[in-house]
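By convention in this document, chain letters (A, B, ...) are assigned in the order of the sequence lines, proteins followed by strands, and residues within each chain are numbered from 1.
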Amino acid sequence: MNGAIAVARREIGEKAFVLIAACVLALVPFLVVLIPGVRQFDSHQVIATTAAFLSVGFAWGLAVILGATVVGRDLTERRLSFYFARPISAAAIWFGKMAASLLLVLASFTILFGPAIAVAMRAWRKSWDIELRFFLGGVIGISIVLLLLAHALSTMVRSRSPFVLFDFAMLIVIVLGTLGVILPLISAFAHNLSIVVASAVGAAFILAMIGAGWYQLAAGRVERRQSHRAMSLALWSSMAGVLVLAGIFVAWVLSAKPSDFVSLHDVEQPANGPWIVVGGEAKHRLDFRPTFLINTDDGSSRRIGGTYQLGMDAFFSGDGKTAGWVTPTSLRADRFELVLQRLTPGAKSIETGIPVRPFSELSITDDGSRVATFDETTAIWDVAQRKLLGSFRLPRERVRRWLSFFSDARHLRLIAVLADEDRASRDHTIRILDYDIARRALTVLGETHIMARNVGISANADGSLLILRAYETAPGHPFIRVIDGHTAAAVADIAEPGPVPGGLYRILSNRMLAVAKNGDRDSVIRFYTLDGTLQRELPLPGVNRMSVIGEVAPGKLLVDAYRGPDVMRRDQMKFWSAMVIDSSTGSIVTRTNGLWPVSGDWYSGFSRDPRRHLVTAPPIFIDENRALVSWNPRTNARKIILPAGSARPQ
Amino acid sequence: MTHVIEVEALTVRYGKRTAVERASLAIPAGSVYALLGRNGAGKSSLVRCMLGQQKPSEGHVTLFGRDVWRDREELMQRVGIVSEEADAPPDMRVSAIAKFCARVYRAWQQQAFDSRLERFGITPSARFGNLSKGQKKQVSLALALAMTPELIVLDDPTLGLDVVARKSLFEEVIGELAERGITVFLTTHDLAGIETLADRIAIMKNGRVVLEEELETLKSRFRRIRTTSAADAEGVVTSRKWGSGAEAIVSNYDDANAERYASAEVAALSLEEIFIAVDGDGGVA
């Protein structure tokens with residue numbers, strides 16, 4: 001310590017003239033305001049701004065000069081032996097010199113910036129959109145980096161050794177290695193984690209430069225090339241070690257398994273087949289949110305691209321045999337392509353090359369062979385041939401939103417909800433269009449009107465019938481209307497006594513319409529024939545809220561019921577139960593308690609498909625132990641998909 | 001006999017070039033030891049390794065029985081050094097250099113430094129860079145002596161010194177140090193100056209130590225022989241024609257073979273002459 005202080009004092013004594021220069025320059029901000037052309041500006045702002053630029057420029061310039069000379073010049077001029085001939089350790093020489101250089105930089109900065117900011121503090125706050133402490137922290141941090149970088153570069157250049165080629169090669173390796181470590185995190189949208197890892201690598205680089213400087217003097221001492229070699233070996237081997245550790249860490253992060261989940265943000269389940277998609281937060285992995293395709297039959301899983309952060313959930317085709325998601329195609333993760341996975345044994349994922357924009361939507365044929373993407377234009381692609389089959393621009397005038405599905409492999413059905421710009425307008429037009437892929441022709445099939453502030457739409461399994469749910473309808477108008485899915489002709493108006501919440505209506509087997517109504521304390525499910533005649537109703541006393549999960553067998557409706565405080569408690573599974581109701585008798589066939597549904601009407605991924613298929617797959621729930629389970633309504637059997645504690649709903 | 005410095009099979013390489021090759025030296029305590037050699041012989045590399053300033057490619061050096069590379073910091077409390085080139089910061093005043101040294105040496109004697117500086121006629125307030133080459137050497141010497149060394153290493157100390165200062169260095173300083181029992185290791189080209197002071201010398205040639213022994217012994221075995229034919233001489237280091245006969249320098253002269261040269265003209269050699277004979281082209285020890 002004594003040696004380091006002695007070295008630092010000596011260095012400061014030798015270079016004290018820079019402080020005198022700083023003192024002289026400190027007058028400049030105060031003199032600038034006297035320049036005639038500058039007088040028109042606020043003098044305090046001029047002082048603060050001039051002092052900021054001058055002090056930062058001086059400090060950083062000085063850091064570079066001192067970094068390049070503090071050891072390097074002594075080495076080349078053979079004056080480092082002055083220290084090594086004395087009882088001073090290499091550490092004392094290095095840290096003494098660096099401390100002195102940093103002190104000189106900071107003292108110069110303070111001399112230049114301090115008086116000006118003391119006079120013009122208010123102007124600083126007004127005109128600079130950065131807090132003073134961050135500004136100071138940035139200046140100090142960058143000064144340290146510049147000092148160390150200049151030292152390292154100076155050592156490399158001054159040695160005039162071919163070893164500099166090794167440095168260059170290692171620099172490329174380290175940069176590529178760092179990218180290699182961070183890019184998988186960026187691709188996985190773990191931006192916070194990638195910033196943490198990048199910052200850790202950056203901090204390690206600074207520490208490695210400090211350590212390498214010490215080792216340079218400890219192992220290289222006065223000999224220029226040995227000194228360079230020692231510094232390079234220490235620097236690059238430390239960085240290689242850091243990158244290996246970072247790589248191991250990132251590999252560990254990316255190796256998250258479904259059993260590592262601590263909470264879930266997304267569960268997607270097709271109506272058919274054993275596969276589900278589960279995404280969520282994994283143990284100790286910050287914002288890395290892995291998403292997995294999980295086979296509920298055998299428990300196997302594979303990680304897929306997670307696009308939750310972009311509002312683009314994974315999805316399934318109508319037959320449940322194809323899963324899809326998007327993956328970034330650029331380093332900055334701002335361009336994406338669609339990836340499809342046939343859910344058959346041994347099938348590999350297909351990078352379709354189909355471009356998808358963030359927050360956009362798409363439709364897929366039931367067999368997964370064709371895809372429609374909706375952007376400025378609607379484009380239809382053949383997956384196998386990676387070929388654009390057709391594209392068109394949808395009319396935008398008065399369009400509130402679009403729904404779509406492939407009615408077969410050659411036709412894309414589009415349902416437009418049109419209304420005037422005035423949000424209060426209750427006159428909504430529902431227009432049905434068809435795009436013939438072979439003819440590349442867009443045709444209007446029909447349209448209907450409904451009076452409502454807003455309109456919800458769902459369809460039966462084949463899309464032949466659409467249910468329009470009116471929200472805030474006009475007096476005398478129906479709350480629910482069933483129309484033909486091809487011509488838009490009215491099939492039936494349902495005279496429900498009051499509004500119907502979203503998602504609580506369903507056509508069962510093309511014969512019956514189920515409408516669930518939530519009450520304050522009691523709820524009811526009514527069953528209508530498709531001509532609008534009320535057939536029967538099932539009161540559900542004590543049920544505050546319900547959600548329709550789907551038709552699990554012809555005429556049998558699976559709903560989830562909540563009996564609890566008005567403020568819905570998703571953390572208390574005791575308030576939740578699932579039940580199967582037979583529409584032909586209006587009775588509860590099967591019932592199980594303590595399950596909260598994570599699949600059902602509320603999930604639809606980023607598909608625009610309004611169709612609701614017959615659910616043959618056992619639906620997925622979260623049970624009272626926070627396990628993800630499937631429940632088979634036919635057998636009343638539960639099966640654990642993810643272990644207890646992993647499925648905290650977000 | 002205890003050795004203050006022991007150099008064992010020291011090799012220094014710079015890339016493919018070998019500056020020092022398997023050099024071994026042993027410097028007895030209290031001796032004045034001179035390392036001689038022409039420019040580029042490898043002396044400075046050897047000295048830097050000897051002071052723990054440079055890591056040898058092979059071999060190792062001990063000072064006072066301790067590894068100098070490992071224990072340099074502690075050992076430097078006992079070693080005064082005057083380097084070949086003045087290495088003190090040029091902008092630093094002489095007094096500031098002394099102040100710096102006072103902080104790092106445990107046995108610093110400010111008074112000794114001041115009085116020596118006064119004797120040299122150097123102003124303490126002078127900047128080191130403004131001093132003449134000789135004055136810089138004198139300051140370096142004053143610094144090296146003021147820390148009360150047990151060993152002093154002088155790397156070409158007379159370089160830049162005028163005749164008077166040179167004489168003073170050899171007769172007063174080194175002589176005084178030798179009397180006080182301080183081990184002196186020096187490299188020099190001033191062979192005349194060292195001839196009366198050195199106890200032991202080593203000569204380096206092309207990175208190798210080609211000769212290393214007591215100066216008295218060395219001088220006693222080297223003779224110039226002028227005879228009718230160089231073939232008459234044994235242990236010839238160099239030879240040349242001398243009139244109708246030949247002149248040879250032999251390295252194995254002693255009382256036993258003095259009779260052999262009874263008819264020849266035999267003369268003792270100065271250290272300089274021995275050095276030239278040994279270090280000149282074709283010379284062997």
Side-chain angles (χ1 to χ4, degrees), chain A residues 1-18 20 69-71 73-94 96-97 100 159-163 214-230 233, chain B residues 12-15 17 19 44-45 47-57 68-93 95-97 99-108 127-129 136 140 143-144 147 149 152-153 155:
Chain A
M1 193 65 184
N2 190 35
I5 292 169
V7 172
R9 287 176 69 151
R10 199 211 71 68
E11 291 288 332
I12 291 169
E14 185 184 345
K15 294 170 179 113
F17 66 90
V18 298
I20 297 165
T69 55
V70 71
V71 172
R73 199 172 70 179
D74 282 359
L75 255 179
T76 43
E77 293 178 0
R78 292 191 168 280
R79 287 202 278 110
L80 213 49
S81 57
F82 175 75
Y83 293 108
F84 280 104
R86 325 257 166 237
I88 305 172
S89 68
I93 298 170
W94 169 246
K97 277 176 171 280
S159 85
R160 284 177 283 169
S161 154
F163 206 66
W214 162 76
Y215 187 72
Q216 168 187 3
L217 294 187
R221 300 193 185 173
V222 304
E223 213 286 308
R224 203 172 48 189
R225 291 192 173 187
Q226 278 186 8
S227 184
H228 173 196
R229 188 181 291 259
L233 290 177
Chain B
V12 178
R13 292 191 200 94
Y14 299 103
R17 188 173 70 84
S44 293
S45 294
V47 169
R48 281 199 294 273
C49 292
M50 214 172 73
L51 296 174
Q53 293 181 3
Q54 183 174 337
K55 188 163 191 171
S57 308
V68 71
W69 180 256
R70 197 186 57 217
D71 300 330
R72 179 196 59 81
E73 185 189 349
E74 188 54 37
L75 287 168
M76 287 305 112
Q77 288 285 1
R78 303 164 72 181
V79 183
I81 298 166
V82 177
S83 56
E84 184 180 8
E85 289 172 36
D87 56 6
D91 290 333
M92 224 170 157
R93 294 180 194 283
S95 56
I97 298 173
K99 211 169 166 184
F100 172 78
C101 289
R103 284 197 195 97
V104 297
Y105 286 113
R106 287 195 289 266
W108 179 257
R127 289 189 191 280
F128 189 75
K136 285 177 184 169
S140 299
L143 291 169
M147 43 73 65
I152 187 155
V153 176
D155 195 0

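Only the backbone of A/Ala218 comes within contact range of chain B, judged by heavy atoms closer than 4.5 Å. Both the backbone and the side chain of A/Arg78 come within contact range of chain B, each with at least one heavy atom under 4.5 Å from a heavy atom of that chain. Neither the backbone nor the side chain of B/Ala96 comes within less than 4.5 Å of any heavy atom of chain A. Of the atoms belonging to B/Ile97, it is side-chain heavy atoms, and not backbone ones, that fall under 4.5 Å from chain A. For B/Arg72, the part lying near chain A is the side chain, with the backbone staying farther off; criterion is any non-hydrogen pair under 4.5 Å.
Between chain B and the residues A/Val7, A/Ile88, A/Leu80, A/Asn2, the largest count of heavy-atom pairs under 4.5 Å involves A/Ile88. In terms of heavy-atom pairs under 4.5 Å with chain B, the best-connected choice from A/Ser89, A/Ala92, A/Gly13, A/Ala90 is A/Ser89. Per-residue counts of heavy-atom pairs under 4.5 Å with chain A were compared for B/Gly15, B/Pro90, B/Gly80; the largest is that of B/Pro90. Taking A/Lys15, A/Glu77, A/Gln226, A/Arg225 one by one and counting their heavy-atom pairs under 4.5 Å with chain B, the maximum is reached by A/Gln226. When each of A/Pro162, A/Ala219, A/Gly220, A/Ser227 is checked for heavy-atom pairs under 4.5 Å with chain B, A/Ala219 comes out on top.
Taking CZ of B/Arg127 as the reference point, atom CG of B/Asp91 lies at 6.0 Å (rounded to 0.5 Å).
The distance between the ring centers of A/Phe82 and B/Phe128 does not fall below 6.0 angstrom.
Judged by distance alone, the side chain of B/Gln54 and the main-chain N or O of B/Val47 form no donor-acceptor pair under 3.5 Å.
A 4.5 Å side-chain heavy-atom check between A/Leu75 and A/Gln216 finds at least one atom pair inside the cut-off. The closest side-chain heavy-atom distance from B/Arg103 to A/Arg9 is below 4.5 Å. Considering only heavy atoms from C-beta on, A/Leu233 comes within 4.5 Å of A/Phe163 through its side chain.
Checking A/Ser81 against B/Gln53 by side-chain atom types alone, no donor-acceptor pair falls below 3.5 Å.
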